[in-house]
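For reference, the structure discussed in these notes is given below.
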Amino acid sequence: MTIELSNLAAMEQFGADIARRLKVGDVVALTGGLGAGKTTLARAIIRGLGYHGEVPSPTFTIIETYDPPTVMIPLVHADFYRLEDPSEADEIGLDDYRHGAVLLAEWPDHAGGFGHEAACLSITLETADEGRIAIVEYGTDWVDRTL
């Protein structure tokens with residue numbers, strides 16, 4: 001499925017739509033080149049879960065966590081750009097962070113990818129003439145929750 005995101009308001013709405021459908025154990029895998037809008041969409045999803053504070057990019061920390069009551073469900077926002085090998089995701093304890101939470105992953109391929117997981121919503125963001133487009137692929141757990 002392809003979704004046109006013509007402006008920031010459309011990106012915010014898309015993020016809110018995703019947030020309403022999230023369940024503990026889900027993965028939202030965000031792929032795209034530098035400047036494609038991965039962090040912008042991640043921030044929109046986090047705001048859609050009810051967070052009202054500043055949402056830093058986890059480019060340097062790699063992982064930022066959000067817990068109720070500041071968000072509706074526990075969330076781990078990870079940016080794997082700086083990982084040089086997927087085994088580094090294990091070294092930072094990714095599985096421990098993921099337990100009982102939603103994983104919002106930027107640069108998922110750097111952590112070995114998550115598209116094979118049934119609970120993965122894979123989104124590839126690309127720049128377009130007017131704004132961005134999102135190419136969405138649903139894991140089997142998302143069949144009844146399509147956007």
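The first residue in the sequence is number 1, and the count goes up from there.
Side-chain contact check for V28 versus L103: every heavy-atom pair is 4.5 Å or farther apart. You'll find the side chain of T70 stays beyond 4.5 Å of the side chain of H52, heavy atoms only. Looking at I92 and I62, their side chains come closer than 4.5 Å, going by heavy atoms from C-beta outward. For the pair L147 and R21, the minimum side-chain heavy-atom distance is below 4.5 Å. T31 places none of its side-chain heavy atoms less than 4.5 Å from the side chain of L125. Using a 4.5 Å heavy-atom threshold, the side chains of D67 and P74 count as touching. The closest side-chain heavy-atom distance from L94 to I63 is below 4.5 Å. When side chains are defined from C-beta on, L75 does not count as touching I73, because their heavy atoms never get closer than 4.5 Å.
For the residue pair E84 / H110, no side-chain donor-acceptor distance below 3.5 Å is found, with atom types taken as modelled.
When all heavy atoms of A101 and V76 are compared, the pair lying nearest together is CB-CG2, 4.1 Å. V71 and I46 get closest at one heavy-atom pair: CG1-O, 4.4 Å. For G115 against S122, the heavy-atom pair with the smallest separation is CA-OG, 4.0 Å. Considering every non-hydrogen atom in both R82 and T59, the closest pair reads NE-O, 2.8 Å. Here the closest heavy-atom approach between residue P86 and residue G112 is recorded as CB-N, 3.7 Å. The two residues L83 and A89 make their nearest non-hydrogen contact at CD1-N, 4.0 Å.
A salt bridge does not link R132 to E126: none of the charged nitrogens lies less than 4.0 Å from a carboxylate oxygen. Classification of R145 and D26 as a salt-bridged pair holds, one side-chain N sitting under 4.0 Å from a carboxylate O. Salt-bridge formation is not detected for the pair E54/R43: no Lys NZ or Arg NE/NH1/NH2 atom is positioned less than 4.0 Å from an Asp or Glu carboxylate oxygen.
A perpendicular orientation is assigned to the rings of Y66 and Y51, their planes being inclined by more than 60° (bins at 30° and 60°).
Note: H77 NE2 to E64 CD = 8.5 Å, rounded to the nearest 0.5 Å. For the atom pair CD1 of I123 and CG of L121, the computed distance is 4.5 Å after rounding to the nearest 0.5 Å.
Two rings, from F80 and W107, have their centers 6.0 Å or more apart.
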